[in-house]
Amino acid sequence: MDQFPQNGVNGLQPANTIMDIADWRKKIDELDLRLVELLNERAKAAQEIGKLKRNTKMPIYEPEREKTIFENVRKANRGPLPDGELRQVYERIIDVMRNIQKLEIQPKSAAGAGSTEFDIELND
């Protein structure tokens with residue numbers, strides 16, 4: 001018997017209500033919306049870090065920082081997502097965030113005269 005052990009706060013089912021597949025899917029949809037919000041907040045932070053790196057000539061790729069992130073999420077992981085799979089998710093998140101930083105560091109004139117946004121994406 002699957003039960004969600006929280007009250008009606010945040011749209012969660014009361015503890016004594018058994019959730020069916022539609023309820024769980026609704027829960028996933030709600031969590032996805034929260035994840036999108038958090039990922040966009042993280043992307044904004046990455047943009048700001050990219051600006052700081054541009055101004056201080058710091059490298060985009062910092063392996064020690066990434067190692068710290070992986071260690072932090074591994075320590076925070078309480079499952080059921082296995083550590084290896086969680087690391088894969090974070091590897092992809094970090095890759096996307098690194099690309100966001102590249103856009104901040106890349107000189108605005110790097111596209112050159114006559115180039116389009118499409119050209120920039122193809123040549124990145």
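Counting begins at 1 with the first residue of the sequence. The analysis underlying the following values was restricted to heavy atoms, covering all of them including side chains, and did not include hydrogens, waters or symmetry mates. None of these values were measured; they are calculated from a predicted model.
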Quiz item: Could you go step by step and tell me if E30 and R34 meet the salt bridge (charged side-chain N to carboxylate O under 4.0 Å, His left out) rule?
Solution: CA-CA 7 Å; E30 291 167 359; R34 289 172 46 199; over 6 Å; no
Which of R54, K53, K51 passes side chain to side chain donor-acceptor pair (under 3.5 Å) with Q101? It is K53
CG (D20) and CZ (R25) are apart, to the nearest 0.5 Å, by 10.0 Å
Taking the basic N atoms (NZ, or NE/NH1/NH2) and the acidic carboxylate oxygens, is any pair closer than 4.0 Å for E48 and K44?
no
When every non-hydrogen atom of I18 is compared with those of D23, the smallest separation belongs to O-OD2, 4.1 Å
Taken to the nearest 0.5 Å, the spacing of N77 CG from E85 CD works out to 10.0 Å
Between the CD1 atom in I60 and the CG atom in N99, the distance rounded to the nearest 0.5 Å is 8.5 Å
Item checked: D32 and L35, any side-chain heavy atoms less than 4.5 Å apart -> yes
*Are there more than 12 heavy atoms of other residues, nucleotides or ligands under 6.0 Å from atom CZ of F70?*
yes
Indicate if V73 and L81 have the same hydrophobic cluster label, given that clusters are the connected sets of ILVMFWY residues with side-chain heavy-atom separations under 4.5 angstrom. yes
Shortest non-hydrogen pair, M58 vs I105, comes out as O-CD1, 4.4 Å
key: Hphob cluster co-occupancy, I100 + I49, side-chain heavy atoms under 4.5 angstrom   = no
CG (L52) and CD (E104) are apart, to the nearest 0.5 Å, by 10.0 Å
The single option from R65, E66, E71 that satisfies side-chain contact (heavy atoms from CB on, under 4.5 Å) with T68 is R65
- Query: Can we say R98 and D95 salt-bridge, meaning some charged N sits less than 4.0 Å from an Asp/Glu carboxylate O?
  - Reply: yes
Rounded to the nearest 0.5 angstrom, the CG-CD distance for L86 and E91 is 10.0 Å
Above 12 or not: heavy atoms from other molecules or residues under 6.0 Å from CG of L31?
-> yes
